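For reference, the structure is listed below as structure tokens.
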Number of protein chains: 2
Amino acid sequence: MTDTETILKNTLVNFHKLTDAEFNDFLKITKFKKLKKKEFLLESGHYNPGILFITKGIIGLYEIINTKEVYTSFFLSSDFASEITSLASQKTSTKSMIAITDAEGFYIKRSDLLQLYDKSASFERLGRKLLEHLLSEQHKFTSMLTSLKPEDRYKYILKNNPELIKRIPLQYLASYMGVARETLSRIRKRSL
Amino acid sequence: MTDTETILKNTLVNFHKLTDAEFNDFLKITKFKKLKKKEFLLESGHYNPGILFITKGIIGLYEIINTKEVYTSFFLSSDFASEITSLASQKTSTKSMIAITDAEGFYIKRSDLLQLYDKSASFERLGRKLLEHLLSEQHKFTSMLTSLKPEDRYKYILKNNPELIKRIPLQYLASYMGVARETLSRIRKRSL
DNA sequence: TTCATTTTGTGACGATAGTCACATTATTCC
DNA sequence: GGAATAATGTGACTATCGTCACAAAATGAA
């Protein structure tokens with residue numbers, strides 16, 4: 001098994017135990033994918049959802065709202081980059097996923113993922129647990145947004161997800177935090 | 001089958017088809033529960049998670065952040081009121097669920113729910129699909145928060161979830177929207 | 001029904017974030 | 001390496017929101 005495969009396996013198993021055979025089934029439907037910076041993993045208006053287990057780089061998820069790009073998630077190594085609405089609904093996506101740096105990882109097409117769910121209840125359970133985790137995180141993020149003012153949001157992210165502060169371009173991070181880019185620039189200056 | 005049971009069945013089936021036998025298994029572990037206004041469905045610090053399928057009334061989910069109650073969700077009829085973090089993690093909850101009006105519905109204990117998942121992959125799938133739906137909604141809510149200013153958030157909720165505007169006390173709604181209660185009071189006045 | 005309590009409304013004011021304009025750095029790509 | 005392009009920084013100003021204090025209204029309990 002390659003290093004990256006081991007990382008993938010550990011990540012999966014962390015959600016739910018898989019047999020070797022099951023893990024191999026998973027690997028089989030996976031395709032190693034490389035993205036250049038600014039390349040799309042998903043383009044709004046298109047229907048090509050899937051999941052990328054990231055082994056290198058960063059993927060950003062954004063949506064155009066009132067002509068502005070609003071970033072709602074960033075995915076780093078060992079994350080499953082996905083857009084849940086189009087994955088779940090079979091509709092074209094209103095959001096886009098783009099490589100913020102060169103990135104690579106294991107890609108699974110939606111159709112293959114669904115087959116996997118049919119094949120074994122283990123995968124279904126893994127999926128459920130992963131979703132529980134993601135929903136829990138998303139709730140945390142939401143209450144952070146509603147209860148903290150911009151500067152405290154910055155400190156919160158610095159503490160809980162310092163990679164984002166280090167690696168995400170300021171303007172994208174600003175939209176993610178719900179502030180103007182100038183405001184984030186000033187917060188950052190004050191926090192030195 | 002009673003009226004409320006029919007509503008429950010329709011709601012479940014909307015996520016994933018169940019056989020009559022499966023639905024009966026579900027019903028069996030369910031206990032009809034009534035809550036008086038201000039009664040807790042879950043108390044922070046306690047470990048008693050479960051899900052309430054609401055047939056009447058409203059449940060609110062909140063968390064104390066810097067001595068303030070921050071409401072993060074409201075559940076109405078046909079919703080599954082739950083606190084995903086404690087459901088998924090087996091830890092005591094940092095959040096509380098409280099009846100905002102008198103409320104009632106079908107209650108399922110976490111342990112019974114897990115047994116159900118073991119019993120049949122249908123339930124696991126239902127759970128997965130429900131979670132996908134919830135996560136998708138939560139993402140929508142998050143981007144609404146980050147991209148709209150308070151007055152537009154109010155209009156958004158008025159359009160997409162008018163029941164909340166009508167039925168949730170202003171101060172709770174304000175924390176949910178991430179604004180001071182005075183601000184929401186003024187927004188409401190302007191919007192008449 | 002009445003009194004106590006809780007919730008909501010409102011004015012004044014200060015703090016803070018947003019906007020616009022432009023300067024300064026970084027980055028990209030020949 | 002250097003020009004073009006993109007991203008970030010910064011000042012000035014404005015709009016908006018939060019806070020505090022208190023009034024009014026609604027709700028709940030006896």
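Letters go in sequence order (proteins before strands), and every chain restarts at 1. Hydrogens, waters and symmetry mates are skipped; everything else that's a heavy atom, side chains included, is used. Source: prediction; values computed, not measured.
The interatomic distance linking A:N66 (CG) with C:dG18 (P) rounds to 15 Å, in whole Å. Going from atom OH of A:Y172 over to atom C1' of C:dA26 covers 14 Å, rounded to whole Å. The distance from atom NZ of A:K37 to atom P of C:dA26 is 15 Å, rounded to the nearest whole Å.
The salt bridge (charged side-chain N to carboxylate O under 4.0 Å, His left out) pairs that include a residue from residues 127-149 of chain B are A:E124-B:R128, B:R128-B:E132, B:E137-B:K140, where partners are two or more places apart or lie in different chains.
The environment of A:K109 atom NZ is sparse: at most 12 non-hydrogen atoms of other residues, nucleotides or ligands sit within 6.0 angstrom. Taking a 6.0 Å sphere around CG of B:N10, one finds it holds more than 12 heavy atoms contributed by other residues, nucleotides or ligands.
Within a heavy-atom distance below 4.0 Å of DNA chain D, the residues of residues 145-170 of chain A found are A:P169, A:L170. Contact check of residues 181-189 of chain B against DNA chain D (heavy atom, cut-off under 4.0 Å) returns B:E182, B:T183, B:R186.
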Give the intermediate values and the outcome of side chain to side chain contact (heavy atoms under 4.5 Å, CB included) for residues B:Y107 and B:I51.
CA-CA 6 Å; B:Y107 187 73; B:I51 294 182; over 6 Å; no
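Mapping B:K38 and A:R190 onto DNA chain C by nearest heavy atom places B:K38 closer to the 5' end of the strand.
With 3.5 Å as the limit, one finds no donor-acceptor pair spanning the side chains of A:R153 and A:Y176.
Looking only at distances, a side-chain donor or acceptor of B:S89 sits under 3.5 Å from a matching main-chain atom of B:K91.
In this structure, A:F75 has its ring center at least 6.0 angstrom away from the ring center of A:F80.
The aromatic rings of B:Y62 and B:Y71 are tilted relative to each other, their planes meeting at an angle between 30° and 60°.
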